[in-house]
Amino acid sequence: MEHRNPRASALHPSQSKDETMPAADKIETDDLGGVTSALDPRQQATLGAHLKAVYDEIVSQPLPERFLSLLAQLETKEGGGA
Amino acid sequence: MSKEASFKDALLAELPRLRGFAVSICSNGDRADDLVQDTVVKAWTNMDSFTPGTSLRAWLFTILRNTYFSEYRKRAREVADVDGLFSAKLAVHGEQEGHLDLEDFKAALAKLSDEQREVLILIGASGFSYEEAAEICGCAVGTIKSRLNRARARLAEMLDVGSADAFGPDREVAAVLSSTSGTLLVK
């Protein structure tokens with residue numbers, strides 16, 4: 001009986017052949033690991049508000065048409081082929 | 001609904017956030033959409049390796065960042081456009097934010113390393129937990145935390161928000177900040 005963390009296996013499927021698929025990538029973990037130079041809560045809140053604003057700005061843009069056609073194309077190929 | 005159709009719908013629902021992440025780490029609008037496109041194709045091709053019931057968003061973000069770091073980063077460096085960065089994609093509704101000096105913020109963000117920007121967006125903007133971010137980035141939670149702290153500290157420094165130490169005693173700065181909540185500028 002396998003005990004696998006479903007989340008972990010979802011993110012890091014072991015049989016992934018494509019190295020860019022979850023699992024393969026290892027970026028350096030040379031950081032000190034310690035929590036250093038924490039900002040005070042107000043500074044963090046200020047930075048957080050800006051980060052959200054930057055991110056939300058992109059997220060709220062209309063989705064470029066290319067993605068809709070790409071998905072339609074993938075779906076057709078899949079449905080027809082298999 | 002077929003499996004493909006429901007996967008497609010779920011994927012579609014995640015695309016805006018996936019783009020947000022792509023533009024954020026890639027700092028180049030056109031390349032960001034290529035990155036999203038590559039991610040979508042990989043996700044589709046590897047649909048079977050996604051475990052239903054787990055977070056599709058985290059899975060997609062993982063694919064995207066792995067693709068970026070293994071295939072895009074070098075190319076991006078070649079076309080380094082440090083100042084043009086976010087501006088093209090993001091110049092649109094800056095005014096809506098009013099007091100938020102977003103352009104300065106974006107310029108500062110662009111000067112961080114990819115890893116720092118990534119962790120800021122994952123945790124500060126996308127709402128992932130430290131654990132999820134660690135899983136997405138394939139590193140330890142402690143790494144995420146220290147990277148995040150350094151990224152915040154650098155941003156604060158560049159934007160003159162000041163370090164916690166420098167900030168503490170400066171009553172005027174504190175007063176300005178609290179009276180204009182959300183404003184960055186404390187020159």
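Please read all numbers here as calculations on a predicted model, not as lab measurements. Each chain gets a letter, A, B and so on, in the order its sequence line appears, and its residues count up from 1.
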Segment of [X] engaging chain A (4.5 angstrom heavy-atom cut-off):
X         : value
Ser126(B) : both
Ala5(B)   : both
Val36(B)  : both

Side-chain touch [X]/[Y], heavy atoms, less than 4.5 angstrom:
X         : Y         : answer
Arg19(B)  : Val59(A)  : no
Thr45(B)  : Leu74(A)  : no
Leu51(A)  : Ile123(B) : no
Ile121(B) : Lys52(A)  : no
Leu71(A)  : Leu15(B)  : yes
Val54(A)  : Val23(B)  : no

Looking at every non-hydrogen atom in both residues, tell me the closest pair between His50(A) and Leu102(B) and how far apart they are. O-CD2, 3.9 Å

Before accepting this row, confirm whether a basic side-chain N of the pair Glu57(A)/Lys106(B) lies closer than 4.0 Å to the acidic partner's carboxylate O. yes

Between the side chains of Arg17(B) and Asp56(A), is the shortest nitrogen-to-carboxylate-oxygen separation below 4.0 Å, so that they form an ion pair? no

So the ring-ring contact (aromatic ring centres under 6.0 Å, His included) pairs with at least one residue in residues 4-23 of chain B (sequence neighbours excluded) are Phe7(B)-Trp44(B), Phe21(B)-Phe61(B)

Checking Phe67(A) against Asp33(B) for the side-chain contact (heavy atoms from CB on, under 4.5 Å) test, could you report, in this order, the C-alpha distance in whole Å, the side-chain angles of both residues, the deciding distance, and whether it holds? CA-CA 9 Å; Phe67(A) 296 117; Asp33(B) 278 342; 3.7 Å; yes

